[in-house]
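To find a chain, count down the sequence lines: A is the first, B the second, and so on, and within it residues start at 1. As a basis for the values below, the full set of heavy atoms in this structure was taken, side chains included, without hydrogen atoms, waters or symmetry mates.
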Amino acid sequence: MDPLYTSYPLSIDNSLTGEKEAFVPVHEGNVGMYVCGPTVYSDVHLGNARTFTSFDMIFRYLKHLGYKVRYVRNITDAGHLENDADTGEDKIAKKARLEQIEPMEIVQRYTVDFHKVMDALNAFPPSIEPTATGHISEQIEMVQSILDKGWAYESNGSVYFDVTAYNANGGAYGILSGRKMDELQAGTRALDGQEEKRNPSDFALWKKASPSHIMRWPSPWSVGFPGWHLECSAMSTKYLGETFDIHGGGMDLKFPHHECEIAQNNACSEQKGARYWMHTNMLTLNGKRMSKSTGNTILPRELFSGDSPLLDKGFSPSVVRFFMMQAHYSSVLDFSNDALLAAEKGHDRLLSALEKLDTLDASKESTIGLEAWIDKCYQAMSDNFNTPILIAHLFEAIKWISSAESAIALSSADLSIFKAALHSFAFDLLGLRKKSLDAGDAHKDALDKAMSLVIELRAQARLNKDWGTADLIRDQLQEAGIKLKDGAEGTNYSL
RNA sequence: GGUUCCGUGGCCGAGUGGCUAGGCACUGGUCUGCAAAACCAGCUACAGCGGUUCGAGUCCGCUCGGAACCUCCA
């Protein structure tokens with residue numbers, strides 16, 4: 001049987017060209033995808049979580065289509081300059097000194113935290129999660145190779161990429177972000193080492209370490225650390241090759257980070273690295289950019305627990321994920337208490353319909369066009385991963401399932417196809433998770449038994465028209481966070 | 001100031017020139033001891049002003065408003 005990607009060919013909005021393009025991988029049937037990971041010097045924030053959740057969905061769909069995917073997402077644990085430090089000191093080292101611990105201790109703590117958040121959001125780990133500090137020699141080799149080409153120069157122990165020379169020799173710095181060279185000259189500020197550069201738009205490939213800089217490695221030029229953009233070029237090349245399929249990251253990395261990456265890759269191997277660039281959009285909170293200084297910020301764990309002045313309550317990771325999937329990855333998404341509340345209701349309705357799916361009976365014949373429906377779902381996803389459209393189609397199916405009089409009938413063959421399709425769309429692709437999986441099963445069993453007893457007692461009271469007792473039970477349970485739902489076939493409850 | 005992008009019904013959010021996206025809220029109904037839940041039905045918007053077109057939410061121009069980037073940032 002042919003893989004799904006032949007029936008539902010994928011198209012991707014390529015930010016390198018600005019066009020939506022048919023996706024054709026370098027090696028048929030295989031996909032190499034590199035996504036810029038987090039800098040692990042503080043708590044992962046919600047924006048990071050959105051980006052990585054989007055790429056998790058993309059990873060899931062690529063695999064679902066039948067591709068063999070190698071998904072590489074790095075951990076940046078070295079090499080970024082502190083923006084408000086005039087020492088040119090490593091971000092991680094600076095924080096370490098403030099907290100009086102080892103840099104790698106910071107890295108470890110926030111890496112673990114990051115993994116916890118992504119796990120809660122039901123994101124698969126990438127195939128490879130390389131660290132910048134684990135790939136210093138590869139980065140040094142890359143610097144050397146660019147120097148050999150003549151597109152970089154050494155200055156006082158540091159090495160800078162020579163943007164002017166690169167562009168004079170056929171390079172296209174600015175190709176991704178649409179920036180023109182002359183526009184890049186203005187508006188620079190007094191960064192450390194600026195006087196070492198020939199040109200303000202040149203960027204560091206290797207930086208000589210100041211005496212206070214803790215993270216440092218020997219190199220042919222100085223004891224120092226790699227430049228801001230080098231790790232991604234080095235690691236994507238190492239694990240995916242000089243030319244690979246997809247490179248992703250947040251929109252904010254487009255310039256300068258990804259622009260520099262392309263230049264570095266191109267300078268080394270005359271390949272541009274990735275053929276398809278995908279940029280996920282930003283997340284705002286109550287219509288504004290998140291900012292710690294104004295208090296307009298929220299951490300994933302605060303979102304889950306509700307421990308924030310901006311929220312009435314906590315939202316389960318599956319609800320958060322559903323909320324994110326209701327918007328397209330390439331659109332700005334605004335987080336707010338009200339929007340989350342609305343998403344939660346939709347999410348819960350979707351999941352309870354999926355539970356009801358198991359109780360559906362098969363008929364002799366099908367009365368709906370199941371094939372056409374499944375086709376629509378795949379076409380939405382294959383059209384640049386349009387999860388909001390997929391969700392709209394899912395709600396159409398929900399209507400079929402939950403109509404009281406069973407508006408539809410499905411043959412037993414179709415019923416199992418229908419079940420399998422819904423499960424794979426909701427759980428395998430969107431990555432939603434059933435609530436019951438969160439609670440311990442033993443507790444759940446015990447609660448079920450206790451509740452059926454309470455429900456039985458209330459049913460007796462109602463039979464005796466003892467409304468006082470019946471309503472007391474209902475109201476007290478409500479206060480305890482348990483909601484009774486009276487239906488035609490008896491009463492059940494939800495937490 | 002420059003680059004990129006966005007402004008869709010009460011709210012959130014899809015829309016790839018012509019065919020009701022969807023969710024939440026709301027209103028009516030079914031059900032019900034009451035309520036909730038559930039189910040059924042209704043709710044037709046595209047910032048403003050011009051232009052192109054037989055036809056524009058969708059293309060072009062201008063105006064207003066917003067976002068990201070231009071300095072580390074998903």
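Within 4.0 Å of A:Gly37, counting heavy atoms only, lie sugar-phosphate atoms of the nucleic acid but no base atom. Note on A:Lys288: nothing from the nucleic acid sits closer than 4.0 angstrom, heavy atoms only. Counting any heavy atom pair closer than 4.0 Å across all strands shown, A:Gly249 reaches sugar-phosphate atoms only and no base atom.
Separating the CD atom of A:Glu231 from the P atom of B:C72 is a distance of 14 Å, rounded to the nearest angstrom. Distance A:Asp43 CG to B:C73 C1': 15 Å, rounded to the nearest Å. Taking atom CZ of residue A:Phe255 and atom C1' of nucleotide B:A74, one finds them 18 Å apart after rounding to whole Å. Atom CZ of A:Phe335 and atom C1' of B:C11 are 16 Å apart (whole Å). In this structure, the CE atom of A:Met282 is 14 Å from the C1' atom of B:C72, given to the nearest Å. Between the P atom of B:A35 and the CD atom of A:Gln478 lies a distance of 15 Å, rounded to the nearest Å. Computed from coordinates, the A:His279 NE2 to B:A67 P distance equals 21 Å when rounded to whole Å. Residue A:Asp13 contributes atom CG, which lies 15 Å from atom C1' of B:A14 at whole-angstrom precision.
With B:G13, B:A14, B:A36 as the choices, the nucleotide that has an atom nearest any side-chain atom of A:Asn386 turns out to be B:A14. Nearest to the side-chain atoms of A:Asn48 among the listed nucleotides B:G13, B:U71, B:A74 stands B:A74. If you check B:A74, B:C72, B:C12 against the side chain of A:Ala339, the one that comes closest is B:C12. Taking every side-chain heavy atom of A:Lys485 into account, B:A36 is the closest of B:A14, B:C69, B:A36.
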Please list each protein N or O that sits under 3.5 Å from an N or O in nucleotides 64-66 of chain B, with the distance.
none

Distances under 3.5 Å between protein N/O atoms and the N/O atoms of nucleotides 4-10 of chain B, please, pair by pair.
none

Which atom pairs link the protein and nucleotides 18-25 of chain B when you take only N or O atoms and keep those under 3.5 Å?
| unit_1 | atom_1 | unit_2 | atom_2 | d |
| --- | --- | --- | --- | --- |
| B:C24 | OP1 | A:Arg349 | NH1 | 2.9 |
| B:C24 | OP2 | A:Arg349 | NH1 | 3.2 |
| B:A25 | OP1 | A:Lys345 | NZ | 2.7 |

Pull out every protein N or O sitting under 3.5 Å from an N or O of nucleotides 27-33 of chain B, one pair per line with the distance.
| unit_1 | atom_1 | unit_2 | atom_2 | d |
| --- | --- | --- | --- | --- |
| B:G33 | O6 | A:Arg462 | NE | 3.4 |
| B:G33 | N1 | A:Asp471 | OD1 | 3.1 |
| B:G33 | N2 | A:Asp471 | OD2 | 2.9 |

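Taking for each of A:Pro38 and A:Lys20 the nucleotide of RNA chain B with the nearest heavy atom, the 5'-most of the two is the partner of A:Lys20.
Distance noted for atom P between B:G10 and B:U27: 15 Å (whole Å). Atom name P, nucleotides B:C62 and B:U4: the rounded distance is 13 Å, in whole Å. Using atom C1' as the reference point in both B:A45 and B:C40, the two lie 24 Å apart (nearest Å). Taking atom P on both B:U3 and B:G9, the two are 30 Å apart, rounded to the nearest angstrom. For the P atoms, the distance linking B:C60 with B:A36 amounts to 49 Å, nearest Å. With both ends at atom C1', the span from B:A37 to B:C31 equals 11 Å, rounded to whole Å. Rounded to the nearest Å, the gap between the P atom of B:C64 and that of B:C24 is 39 Å. B:C73 sits 50 Å from B:C43 when the P atoms are compared, rounded to a whole Å.
Remark: side-chain polar atoms of A:Thr280 are not paired, donor with acceptor, to backbone N or O of A:Thr51 under 3.5 angstrom.
In this view, A:Phe23 and A:Tyr67, A:Tyr276 satisfy the ring pair (Phe, Tyr, Trp, His ring centres under 6.0 Å) rule, not counting sequence neighbours. Applying the ring pair (Phe, Tyr, Trp, His ring centres under 6.0 Å) criterion to A:Tyr71, with sequence neighbours excluded, gives A:Phe59. Under the ring pair (Phe, Tyr, Trp, His ring centres under 6.0 Å) criterion, A:His258 pairs with A:His247, A:Trp277, A:His279, not counting sequence neighbours. Residues forming a ring pair (Phe, Tyr, Trp, His ring centres under 6.0 Å) with A:His135 (at least two apart in sequence, or on another chain): A:Tyr239. Qualifying side chain to side chain donor-acceptor pair (under 3.5 Å) partners for A:Asp448, counting only residues two or more places apart in sequence or in other chains: A:Tyr493.
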Problem set entry | Full working for side-chain hydrogen bond (donor to acceptor under 3.5 Å, both in side chains) between A:Thr164 and A:Asn199 | CA-CA 8 Å; A:Thr164 314; A:Asn199 205 298; 3.2 Å; yes

Problem set entry | Steps toward ring-ring contact (aromatic ring centres under 6.0 Å, His included) verdict (A:Tyr5, A:Tyr61) | CA-CA 10 Å; A:Tyr5 60 76; A:Tyr61 189 60; over 10 Å; no

For this session: Take A:Asp113 and A:Thr111 through the side-chain hydrogen bond (donor to acceptor under 3.5 Å, both in side chains) test and state the conclusion after the steps.
Result: CA-CA 5 Å; A:Asp113 172 72; A:Thr111 300; over 6 Å; no

Exercise. Can A:Phe315 and A:Phe323 be said to form a ring-ring contact (aromatic ring centres under 6.0 Å, His included), step by step?
Worked result: CA-CA 10 Å; A:Phe315 295 94; A:Phe323 177 65; 8.7 Å; no

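Secondary structure note: stems in RNA chain B built from 3 or more consecutive Watson-Crick or G-U wobble pairs under 3.5 Å occupy B:1-7 with B:64-70, B:10-12 with B:22-24, B:26-30 with B:38-42, B:47-51 with B:59-63.
Sorted by first and then second residue, the pairs that involve residues 317-346 of chain A and meet salt bridge (charged side-chain N to carboxylate O under 4.0 Å, His left out), not counting sequence neighbours, are A:Asp56-A:Arg321, A:Lys313-A:Glu344.
Between A:Leu299 and A:Leu46, the closest side-chain pair of non-hydrogen atoms is not below 4.5 Å.
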Please list every donor-acceptor pair under 3.5 Å in which a side-chain atom of residues 473-481 of chain A meets a protein atom from a residue at least two apart or in another chain.
none

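Taking the centre and axis of the six-membered ring of A:Phe55, the NZ or CZ atom of A:Arg73 falls outside the cone set by 45° and 6.0 Å. Seen from the ring of A:Tyr160, A:Arg198 does not count as a face-on cation partner, given the 6.0 Å and 45° thresholds.
In terms of phosphate contacts, A:Ser331 brings a side-chain nitrogen or oxygen within less than 4.0 Å of OP1 or OP2 of B:A14. Taking only side-chain nitrogens and oxygens, A:Ser402 comes nearer than 4.0 Å to OP1 or OP2 of B:C39.
Aromatic ring centroids of A:Phe418 and A:Trp373 lie under 6.0 Å apart. With ring centers used as reference points, A:Phe161 lies under 6.0 Å from A:Tyr166.
Residue A:Tyr329 is tested with A:Thr53, A:Asn281, A:Asn384 for a side chain to side chain donor-acceptor pair (under 3.5 Å); the sole match is A:Asn384.
Annotation for A:Glu371: atom CD does not count as buried by contact number, only 12 or fewer foreign heavy atoms lying within 6.0 Å.
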